[in-house]
Trainee: 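Once you've had a glance at the structure underneath, I'll fire off some questions.
Nothing fancy with the numbering, it's 1 onward along the sequence.
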Amino acid sequence: MNTASLLEKQARQLPEKTAVVFRGERVSFKELDETINRFAHYFVKQGISSGMKVLLFIQPSVELPATTFALFKIGAIPVFIDPGMGVKNLVRAVSEVVPQAMIGLPLVRILSRVFRKSFSSVHTKLSCVTLRDEAKNESVDFEKYEAPENEMAAILFTSGGTGKPKGVVYTHKIFMTQTRLLQEMFSLTSDDIDCPCFPLFSFFTLAMGMTSCIPEMDSAHPSKTDPKTLVAGMIENHTTFAAGSPAIWTKVADYCNARDITLPYLKYLVMFGAPVAQDMHEKWQKILPNGTTYTPYGATEALPISNISGKEILETTAEKTLVGAGVCVGKAVPSVEVKIFNEDEIIVSGDVVTKKYYHEEEATQASKLFFEEKLWHKVGDVGQIDEEGRIWFWGRKSHVVDVGKKKMYPVPCESVFNQHPQVKRSALVGPCIKGRITPSLVVELKSGSPKLTKGLLRELQKIRDSYEHTLPIECFYLKKSFPVDVRHNIKIDRLELTRWVEEKEEQKGKTHLTS
């Protein structure tokens, strides 16, 4: 079993079809497969072999999928560490993996010299910039490595948005199952055209025979994406499928609506990484005359878990979200089973569930369960499953605020305040003030809104008093901008906000109207 066989199949069946479009270059599936094979030969000559862990630091480009699939063919283990996680976390992740090789940009090679001790295990360092030129004379045929289905195929690090980044062990079986499920979820065919705003997603769509039109963007900072350039590329390439962080699609939606731009070819607009506000689906309704939004639910450790369309949300679940039911993330996808464990914790089982973290035995033990003769993963989220089998997301377990015998959940509380016309977003936190957990709400206002005046405070208090589940909130705080995760630029770091409130209280005493 080898994930690379999926792309080999497309090269045989669709040799002349365009596989990758990047900066005006068009590469067919035959050409991509030949490049993969040349890379595989070149890597072997450079000392890379099966079972060897290889760091990849490659910007979205033709080289990214070509290098990844070449390593799969060899049986080597690509290691994906999000450069946006920060130098400290990145260096720590490298130390934990103990890689033997590295393929990346010259800048990363400089970093490896600065942090020589952490990169000391790396004996082979290759530049991705010159790969195609250096491998141009290698053979276009390569006999791929046949791996046992549960052998480690890759290590993908979590973003660390809600804790320390951890390396998740993937197998070839998981990659191939994910490809099949994603294809079924969106009824994708080789006629579809992809715009992968989350680079690793292109591996799946290429394996389906789709053309991948790689956008020029900083994948480590999606909120900085230029919507004008992205939209122009999607229109030019007749994009039918696009996936990425809500931070990207918020900017694109505002750009398109301000100019009355529609995207008639786009059928599937996929947003993932954090709960998506109802108004996002409403904005995209105007832009997608022949399509809709989708918000699949999952995690690096288990993807996909469930899926729901924006059309279904607006027609059946949105009103419940507005009064504090949480965010509906749809029903579990085929072959994936979801349960609620210990009253409110979401757990999942199935072939897409990873079995462990790399060299993180304690974290593995904490997140995995074995019962009913199955392995289950604790997603780290809380919620419920309704009578129709739909999953309702309430937030991260670590962000739940305990008030005596009552639990306060972030998403149900925040959703009722986020409807206020001046509120951009809010965050439920539980700071320890004068030795007591004090349920509080931190608010970020929309651009141009006044500060947290007494009048606005009274309006927020009125909202609080209108719902039983928000009544315990005692204090309100104003924060100019929220700390968010690096990968998706949208997950609120509520633990950091909790520390911020505690520091404010320590410095100023009991002050609720603060900025």
Trainee: Work out which heavy atom in G51 is nearest to a heavy atom in I77; give both atom names and the distance.
Mentor: O-CD1, 3.7 Å
Trainee: Walk me through it: do K479 and E496 pass the test salt bridge (charged side-chain N to carboxylate O under 4.0 Å, His left out)?
Mentor: CA-CA 12 Å; K479 187 84 164 68; E496 176 61 30; over 6 Å; no
Trainee: First locate atom OG1 of T3, then atom CZ of F204, and finally report the distance between them rounded to the nearest 0.5 Å.
Mentor: 9.0 Å
Trainee: Would you check if the side chain of E149 reaches a backbone N or O of K173 as a donor-acceptor pair within less than 3.5 Å?
Mentor: no
Trainee: Salt bridge check, E184 against R180: does any charged N sit closer than 4.0 Å to a carboxylate O?
Mentor: yes
Trainee: Would you find a donor on one side and an acceptor on the other, under 3.5 Å apart, between the side chain of T68 and the backbone of P65?
Mentor: no
Trainee: If you measure from CG on D344 to CG on N342, what distance do you get to the nearest 0.5 Å?
Mentor: 8.0 Å
Trainee: Does the side chain of Q384 come under 3.5 Å of the side chain of Y409 through a donor N or O and an acceptor N or O?
Mentor: no
Trainee: Under 4.0 Å between a Lys/Arg side-chain N and an Asp/Glu carboxylate O for E8 and K144?
Mentor: yes
Trainee: Applying side chain to side chain contact (heavy atoms under 4.5 Å, CB included), can you list everything that pairs with V276, at least two apart in sequence or on another chain?
Mentor: P246, M271, M280, H281, T295
Trainee: Would you tabulate the side-chain donor-acceptor contacts of residues 369-379 under 3.5 Å, counting partners in other chains and residues two or more places apart, or write 'none'?
Mentor:
residue : atom : partner : partner atom : Å
K374    : NZ   : E337    : OE1          : 2.4
W376    : NE1  : F371    : O            : 3.2
H377    : ND1  : K368    : NZ           : 2.9

Trainee: Please report the shortest heavy-atom distance between W394 and G383, naming the atom on each side.
Mentor: CD2-CA, 3.5 Å
Trainee: Compute whether any side-chain donor of one residue and acceptor of the other, for Y358 and K53, lie under 3.5 angstrom apart.
Mentor: yes
Trainee: What is the ring orientation for Y268 with F241, classed by angle as parallel under 30°, tilted 30 to 60°, or perpendicular over 60°?
Mentor: tilted
Trainee: Answer yes or no: is there a side-chain heavy-atom contact under 4.5 Å between E360 and E96?
Mentor: yes
Trainee: Checking side chain to side chain contact (heavy atoms under 4.5 Å, CB included) for the pair I305/V333: CA distance, chi angles, key distance, verdict?
Mentor: CA-CA 6 Å; I305 295 174; V333 300; over 6 Å; no
Trainee: Where is the tightest heavy-atom contact between F29 and L206, given as atom of each residue plus distance?
Mentor: CE2-O, 3.4 Å
Trainee: Decide yes or no on salt bridge (charged side-chain N to carboxylate O under 4.0 Å, His left out) for E146 and K73, but give the supporting numbers first.
Mentor: CA-CA 8 Å; E146 289 297 339; K73 282 201 170 185; over 6 Å; no
Trainee: Is K331 salt-bridged to D386, cutoff N-O under 4.0 Å?
Mentor: no
Trainee: Report yes if some heavy atom in the side chain of P196 is under 4.5 Å from a heavy atom in the side chain of P60; otherwise report no.
Mentor: no
Trainee: Would you say K356 has more than 12 foreign heavy atoms packed within less than 6.0 Å of its NZ?
Mentor: no
Trainee: Who pairs with Y467 by ring-ring contact (aromatic ring centres under 6.0 Å, His included), at least two apart in sequence or on another chain?
Mentor: H469
Trainee: Could you go step by step and tell me if D493 and R396 meet the salt bridge (charged side-chain N to carboxylate O under 4.0 Å, His left out) rule?
Mentor: CA-CA 11 Å; D493 189 338; R396 295 292 291 173; over 6 Å; no
Trainee: Working note: V79 + L56, criterion side chain to side chain contact (heavy atoms under 4.5 Å, CB included); need CA distance, chi angles, decisive distance, verdict.
Mentor: CA-CA 6 Å; V79 180; L56 289 190; over 6 Å; no
Trainee: Are the side chains of L55 and I81 in touch, meaning some heavy atoms are under 4.5 Å apart?
Mentor: yes
Trainee: Less than 4.0 Å between a side-chain N and a carboxylate O, is that true for K339 and E345?
Mentor: no
Trainee: Quick one: does any side-chain atom of T498 pair with a main-chain N or O of P431 as donor and acceptor, under 3.5 Å?
Mentor: no
Trainee: So which of W249, F186, W284 actually passes ring pair (Phe, Tyr, Trp, His ring centres under 6.0 Å) with Y294?
Mentor: F186
Trainee: Return each pair, listed once, that meets side chain to side chain donor-acceptor pair (under 3.5 Å) where at least one residue sits in residues 191-212; pairs must be two or more places apart or across chains.
Mentor: K17-T211, D192-T240, D192-K267, D194-T205
Trainee: Got a salt bridge between R425 and E444, using NZ or NE/NH1/NH2 to carboxylate O under 4.0 Å?
Mentor: yes
Trainee: Is T292 close to L269 at the side-chain level, that is, under 4.5 Å between some pair of heavy atoms?
Mentor: no
Trainee: With the side chain counted from C-beta on, respond yes when I74 and Y145 share a heavy-atom pair under 4.5 Å apart, and no when they do not.
Mentor: no
Trainee: Roughly how far apart are T171 OG1 and I174 CD1, rounded to 0.5 Å?
Mentor: 3.5 Å
Trainee: Any idea which heavy atoms bring P99 and V94 closest together, and the distance?
Mentor: CD-O, 3.4 Å
Trainee: Over all heavy atoms of both residues, which pair between M102 and V54 is shortest? Give the atoms and the distance, please.
Mentor: N-CG1, 4.3 Å
Trainee: Enumerate the side chain to side chain donor-acceptor pair (under 3.5 Å) contacts for residues 317-329, please, sequence neighbours excluded, ordered by first and then second residue.
Mentor: none
Trainee: Would a distance-only check, ignoring hydrogens and angles, find a side-chain to backbone donor-acceptor pair under 3.5 Å from T124 to A101?
Mentor: no
Trainee: Taking the six-membered ring where the residue is Trp, are the ring centres of F272 and F198 under 6.0 Å apart?
Mentor: yes
Trainee: If you round to the nearest 0.5 Å, how far is CG of D33 from CZ of R12?
Mentor: 8.5 Å
Trainee: With heavy-atom distances below 4.5 Å as the criterion, would you say the side chains of Y357 and V169 are in contact?
Mentor: no
Trainee: Would you indicate whether the side-chain heavy atoms of L64 and Q59 approach each other to under 4.5 Å?
Mentor: no
Trainee: So, K406 and E468, do they make that salt bridge, N to O below 4.0 Å?
Mentor: no
Trainee: Whether the N418 and S426 side chains hold a donor-acceptor pair (N or O, under 3.5 Å, no angle test) is what I'd like checked.
Mentor: yes
Trainee: Specify whether F43 and F39 have parallel, tilted or perpendicular ring planes, treating 30° as the upper limit for parallel and 60° as the lower limit for perpendicular.
Mentor: tilted
Trainee: Is there a donor-acceptor pair under 3.5 Å between the side chain of R464 and the backbone N or O of I473?
Mentor: yes
Trainee: With rounding to the nearest 0.5 Å, note down the distance linking CZ in F203 to CE in M208.
Mentor: 13.5 Å
Trainee: Can you list the residues that meet the ring-ring contact (aromatic ring centres under 6.0 Å, His included) rule with Y170, with sequence neighbours excluded?
Mentor: F175
Trainee: For the residue pair A332 and I391, what are the closest heavy atoms and their distance?
Mentor: N-CD1, 4.4 Å
Trainee: Heavy atoms, side chains only, cut-off 4.5 Å: are L90 and F115 in contact?
Mentor: no
Trainee: Take Q13 and S190, measure what side chain to side chain contact (heavy atoms under 4.5 Å, CB included) needs, and give me the verdict at the end.
Mentor: CA-CA 10 Å; Q13 295 181 347; S190 59; over 6 Å; no
Trainee: For L441 and F417, what are the C-alpha separation, side-chain angles and deciding distance, and is it a side chain to side chain contact (heavy atoms under 4.5 Å, CB included)?
Mentor: CA-CA 9 Å; L441 192 80; F417 291 97; 3.5 Å; yes
Trainee: Between the side chains of K407 and D402, is the shortest nitrogen-to-carboxylate-oxygen separation below 4.0 Å, so that they form an ion pair?
Mentor: no
Trainee: Could you measure the distance from the CG atom of L303 to the CG atom of L181? Nearest 0.5 Å is fine.
Mentor: 9.5 Å
